**Student:** 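Have a look at this one before I ask anything.
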Amino acid sequence: MKAKLAELVSRSIREIYPQVTFPDVQISIPQSRYGDFATNIALRLAPQLEGELPKITQELAATIMQNDEGRMLIDCQATRTGFINFKLSDKFLQHQITLIREKDRHFGRSDQGKGKKVLIEFVSANPTGPLHIGHGRWAVIGDDIAALLSATGFAVEREYYVNDIGTQVEKLEESVRARAESREVPEGGYGGAYISEVAEKLLDRIGRSNFREILLSHMLNDHKRVLEKLKVNFDNYYRESSLHGSGKVKAALEEIKAKGLTFEEDGALWFKSQELGDDKNRVLVRKGGETTYFAADIAYHLDKFRRGFDRLINVWGTDHHGYVPRLRAALKALGLPVEHFEIIIGQLVALFRGAEPVRMSKRTGEMITLEEVIEEIGPDATRFFLTMVSANSHLEFDLELAKQAAPSNPVYYVQYAHARISSIFREGVERGVGIERSADLSLLIHPAERELVRKLIDLPDEILSAAQAREPHRMVIYAKELAAIFHNFYHKCRVLSEDEKLTAARLQLVDATRIVLRNVLELLSVTAPERM
RNA sequence: GGGCCCGUAGCUCAGUUGGAUAGAGCAACAGAUUUCUAAUCUGUCGGUCGGAGGUUCGAAUCCUCUCGGGCCCGCCA
């Protein structure tokens, strides 16, 4: 919709001011008292044109109106402040109901991505302990971004990088073995209660030569199992060890060496990351000859690009933000397109029960796991709450609120709108009233009806901008707003009534609403219930 | 000490990449159902956008400084 209007505006500008070069036309959604859409283009054009702003604005508005051959607009107002406000015609809006119902599941989707390949890596938690609510947040954000990109025409793969080698894994194994033999866990090992549980479960296999692999599979499967409860599924689990086995780490290091970007000091091999924007140089090969995690990660990201992805997106927790410059430095060193490598940093989650903070310290072992949260409040509320807030804001997650079947709980509020619609159709069936093939949509002239259709048609723009910004929380906001507008409509406009024609028209509107609500919830992997 | 994120209504947060008189939800208060689900709706109350400078026709948004909170600063991953 925005693109259509922008095109109309651009065409009109070229017509009146052929000599002017102008920036992309921005179409915004103003407060409803101004109109359905607006543009500030006259404000931005005025300095170049030397004319008076009101005159330019008015000229442009008049031309736009003339050029609107599709009769989208009923009004196009120039304001004194330099805006041009658009009002869509009722006829145009009413027709959108039909289009939405025709597109059904496809409504909102687009092909902007043109099938470009995107790899999104997220969670990638160490297999050394249970997932916590923070992991849940990165998981949901990553999964939602992937869904948004799919919906906008990208070929997306979800990947989980498994840190299956190195010091942490060794410590894990030592800790489990110690517990299995009723010894104290070694210094710097893992001491949580889950270690004992794992030890107990794997006790009969602890003597096997491949015990470490058994242990790793166990931990990884546990993560998979929990993530599946959240409806997060990965296309690939990429093992760090495979990079070593295939010689990819060595090869990557050779490439960096060949560029003269390494040096030796204290028996270690260093990467001159400082020359490429990092605040210090980093070790690639340790004194003892072992490569670092960083070295493997370089090889991993090189491999991602070599696998043919146009764009890489990583979702990391804020505790890894300091790692960003060195990895970017490494990609630069290898001549990879850093501008196609994005890292989304997700801030932490603070859990509450009402006003009481829930402690989640690893040390005390009293950590609430992600699985416990899902069990307590359910996958829908978990996903919804974890998506609700922008990734770079801290999230205060109130378990009490998320659990409540009350209007103050936004998940229920949105789902209830969908259930209500389903209920209307159920009641319609009882009364022998169903959706007709055609209806006179011009009967939909109530302000609440207009407002509802007006909101429905935003879905494609909302998905597109949320995808481009990698900000799934916008979809939650949209869902809440749409639900609010629907509930308002529901109170003001009775759907099933004596008036058969109006009933037929409203059923179509309500059906379109159902489609949009369901599509949004589906995008967020939250269920759209028919009854509550 | 340095880096990243945050600071907007009593609380939790939006704010479309610099535009109009800064918006929601919750809480509080006052109302609404002979009706398709009251898990709902309507209205009222509520703001020096942490603070100070600066850039601009225009700043919550950009720059500098400053205060407060979170996270990080390893030859761990």
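What you see below is based on every heavy atom in this structure, not just the backbone, and it leaves out hydrogens, waters and symmetry mates. A, B, ... follow the sequence lines: proteins, then strands. Residue 1 opens every chain. Predicted model, so just to flag it, every value in this text is computed and none were measured.
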**Student:** Kindly say if A:S393 contacts the phosphate of B:A14, meaning a side-chain N or O under 4.0 Å from OP1 or OP2.
**Tutor:** yes
**Student:** For nucleotides B:A9 and B:G51, find the distance between their P atoms and express it as a whole number of Å.
**Tutor:** 10 Å
**Student:** Hey, does A:L507 have a side-chain heavy atom less than 4.5 Å from the side chain of A:F425?
**Tutor:**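 Counting from C-beta outward, A:F425 and A:L507 do come under 4.5 Å.
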**Student:** Answer yes or no for A:R514 and A:F486: cation-pi contact, defined as NZ/CZ to six-membered ring centre under 6.0 Å and angle to ring axis within 45°.
**Tutor:**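 Output no; distance or angle outside limits.
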**Student:** On RNA chain B, compare the nucleotides closest to A:G428 and A:F294; which residue's is nearer the 5' end?
**Tutor:**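 Final value for this comparison: A:G428.
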**Student:** What is the distance, rounded to the nearest whole Å, between atom CG of A:D398 and atom P of B:C13?
**Tutor:**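 It works out to 11 Å between those atoms.
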**Student:** Mark yes or no: A:K4 above the aromatic ring of A:F37, with NZ or CZ under 6.0 Å from the six-membered ring centre and no more than 45 degrees from the axis.
**Tutor:**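 Output no; distance or angle outside limits.
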**Student:** Mind calculating the distance between NZ (A:K480) and P (B:A24) to the nearest angstrom?
**Tutor:**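 These atoms are roughly 13 Å apart.
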**Student:** Could you check whether any side-chain heavy atom of A:Q168 comes within less than 4.5 Å of a side-chain heavy atom of A:Y293, counting everything from C-beta outward?
**Tutor:** no
**Student:** Under 3.5 Å, is there a donor-acceptor pair between the A:S110 and A:T152 side chains?
**Tutor:**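 No, no side-chain donor-acceptor pair sits under 3.5 Å.
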**Student:** Expressed in whole Å, how much space separates the P atoms belonging to B:G69 and B:C76?
**Tutor:** 32 Å
**Student:** Just the rounded figure in Å: distance from P of B:G25 to CZ of A:F384.
**Tutor:** 14 Å
**Student:** Could you check B:U17 for me: syn (within 90° of 0) or anti?
**Tutor:**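 Classified syn.
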**Student:** Calculate the interatomic distance between A:F486 atom CZ and B:A24 atom P; express it in whole Å.
**Tutor:** 21 Å
**Student:** Taking the side chain as everything from C-beta on, heavy atoms only, tell me whether A:Y300 gets closer than 4.5 Å to A:E121.
**Tutor:**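 A side-chain contact exists here, since the closest heavy-atom pair is under 4.5 Å.
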**Student:** Which listed nucleotide (B:C36, B:A39, B:A14) is nearest to the side chain of A:Y490?
**Tutor:**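 Ranking B:C36, B:A39, B:A14 by closest atom to the A:Y490 side chain puts B:C36 first.
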**Student:** Rounded to whole angstrom, note down the P distance from B:U8 over to B:G70.
**Tutor:** 15 Å
**Student:** B:C63 and B:C4: how far apart are their P atoms, nearest whole angstrom?
**Tutor:**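 Here B:C63 and B:C4 have their P atoms 11 Å from each other.
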**Student:** Does any donor-acceptor pair link the side chain of A:N85 with the base of B:A20 at a separation under 3.5 Å?
**Tutor:** yes
**Student:** Quickly work out the A:Y34 OH to B:A22 C1' distance and round it to whole Å.
**Tutor:** 11 Å
**Student:** Once you round it to whole Å, what is the distance between P of B:G3 and CG of A:N392?
**Tutor:**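 Nearest whole value for this atom pair: 19 Å.
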**Student:** Roughly, in whole Å, what's the span from CH2 in A:W316 to C1' in B:C71?
**Tutor:**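 Atom CH2 in A:W316 sits about 15 Å away from atom C1' in B:C71.
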**Student:** For RNA chain B, which residues of residues 495-509 of chain A approach it to below 4.0 angstrom with any heavy atom?
**Tutor:** A:V495, A:L496
**Student:** When you measure only distances, ignoring hydrogens and angles, does the side chain of A:Q168 come within 3.5 Å of the base of B:C76 through a donor and an acceptor?
**Tutor:** yes
**Student:** Mind checking the P distance from B:A22 to B:U48? Whole angstroms is fine.
**Tutor:** 13 Å
**Student:** Quantified in whole Å, what is the P atom distance between nucleotide B:A28 and nucleotide B:C6?
**Tutor:** 32 Å
**Student:** Pick the P atom in B:A59 and in B:G54, then give their distance to the nearest Å.
**Tutor:** 12 Å
**Student:** Could you go through A:Y194 and A:D222, starting from their C-alpha distance and side-chain angles, then the distance that decides it, and tell me whether this counts as side-chain hydrogen bond (donor to acceptor under 3.5 Å, both in side chains)?
**Tutor:** CA-CA 11 Å; A:Y194 67 95; A:D222 198 56; over 6 Å; no
**Student:** Using the C1' atoms only, state how far B:C62 lies from B:C45, rounded to an integer number of Å.
**Tutor:** 35 Å
